[in-house]
Amino acid sequence: MCGAWYGSASVQVDSLPMIEAEGLTKYFGDFAAIRDVSFRVYQGEVVAFLGPNGAGKSTTMKILTGYLAPSAGVARIAGHDMSVDRLAGSAHLGYLPENGPLYPDMTPRALLNFFADARGLTGPRKRQRIEAVIELCDLGSVIGKPIGKLSRGYRQRVGMAQVLLHEPDVLILDEPTAGLDPNQIHEVRETIRKLGQTKTILLSTHILQEVEAMAQRVLFIDEGRLIYDGPIAELTAGGRRLDERFRELSGAGAH
């Protein structure tokens, strides 16, 4: 296990922190899944959240989205404390968990109608938003097919469309390209890159090429503690490869 190393990420004084973790700690019985995790993601940033399996990434993301309550600390989305003001925070948030829930007997259009109703969208705005996400996620050719009959790539696009339906300012994406083939990965990557022009995105992935292609900054967590927060360029300075730095930060490089 290497020592903690925090990079010199520049503070964006003119930007609003849209995702805030302050001293987040989560215990499951006697086991501490995360300990004293603190960071901010600012308006317009695309930040990669990295770490080995079991490091605490998904637990942190679930606390940020209000799906889990922290044992200690505060999670905020667009300034809203997700423990006490989750509905207001969720209005700004789109969350795509790994293997997110989809209803296999529904068509994409039926699913989008269902979630639009759940989000309180009505009338012309509801119709406009559904058509907008169908176009953005390129679902036109499968819009009337049962989701259970779609490829994994298309199911992931349906999940992304559902996340974007209410025009959230903040996206938290947990392994959005897991299990996809190279063509599907490219398509999802392009969608995320486009969204990153206007939204704040926290992205968890094991595909390091995606990190270099999409993110400006890296948060690295290991054994429940945040050990790096800084620009990708600092991690790869001197011609170092990102996979080498990943191994070093997770302690594997010490062996």
| If you look at every heavy atom in I19 and L202, which pair is closest and at what distance? | CD1-CB, 3.9 Å
| Atom pair CD (E248) and CG (D243), whose distance is rounded to the nearest 0.5 Å | 10.0 Å
| In the single-linkage hydrophobic clustering (I, L, V, M, F, W, Y; side-chain heavy atoms under 4.5 Å), do Y103 and V163 co-cluster? | yes
| message | A side-chain contact here means heavy atoms from C-beta on lying under 4.5 Å apart; do S83 and P70 qualify? | response | yes
| query | Hey, is NZ on K26 packed in by over 12 heavy atoms from elsewhere, all under 6.0 Å? | reply | yes
| Does a side chain donor of either D174 or S58 reach within less than 3.5 Å of an acceptor in the other side chain? | yes
| F246 vs F220 aromatic rings, parallel, tilted or perpendicular, using cut-offs 30° and 60°? | perpendicular
| remark: dist R155:CZ -> L102:CG (nearest 0.5 Å) comes out at 8.0 Å
| request: Check whether any side-chain heavy atom of R217 sits under 4.5 Å from a side-chain heavy atom of L219, and report yes or no. | output: yes
| What's the shortest heavy-atom distance between L165 and L112, and which atoms? | CD2-O, 3.4 Å
| field | D81/R86 ion pair, N-O < 4.0 Å | value | no
| L50 side, atom CG; R245 side, atom CZ - distance, nearest 0.5 Å | 12.0 Å
| So, do E167 and R125 sit near enough that their side-chain heavy atoms are less than 4.5 Å apart? | yes
| task | First locate atom CD1 of I77, then atom OG1 of T65, and finally report the distance between them rounded to the nearest 0.5 Å. | result | 7.5 Å
| Enclosure of E135 CD (heavy-atom neighbours >12, cutoff 6.0 Å) | no
| query | Going through the checks in order, is the salt bridge (Lys or Arg N to Asp or Glu O under 4.0 Å) test met by R247 and E244? | reply | CA-CA 5 Å; R247 294 183 72 249; E244 292 177 350; over 6 Å; no
| How many angstroms lie between CG in D169 and CG in L93, if you round to the nearest 0.5 Å? | 9.5 Å
| request: In plain terms, say whether K199 and E45 are close enough for a salt bridge, that is, a side-chain N and a carboxylate O under 4.0 Å apart. | output: no
| message | Do K62 and Y95 make a side-chain contact, defined as non-hydrogen atoms from C-beta onward lying under 4.5 Å apart? | response | yes
| field | Any side-chain heavy-atom pair of F49 and T60 under 4.5 Å | value | yes
| note | Looking only at heavy atoms, the pair that brings L150 and K145 closest together is CD2-CB, 3.9 Å
| Nearest heavy-atom neighbours spanning R189 and A213 | CD-CB, 3.9 Å
| query | Quick one: are T200 and L171 in side-chain contact, heavy atoms under 4.5 Å? | reply | no
| Are V47 and V218 close enough that some pair of their side-chain heavy atoms sits under 4.5 Å apart? | no
| task | Could you tell me whether the side chain of T191 reaches within less than 4.5 Å of the side chain of R157, counting heavy atoms only? | result | no
| Would R109 and E131 satisfy salt bridge (Lys or Arg N to Asp or Glu O under 4.0 Å), going step by step from the backbone distance to the final call? | CA-CA 9 Å; R109 185 176 292 281; E131 294 308 316; 2.8 Å; yes
| task | Could you grab the distance from atom CD of E22 to atom CZ of R40, nearest 0.5 Å is fine? | result | 6.0 Å
| message | Tell me the closest heavy-atom pair linking G51 and K57, and the distance in Å. | response | O-NZ, 2.9 Å
| query | Under 4.0 Å between a Lys/Arg side-chain N and an Asp/Glu carboxylate O for R76 and D85? | reply | no
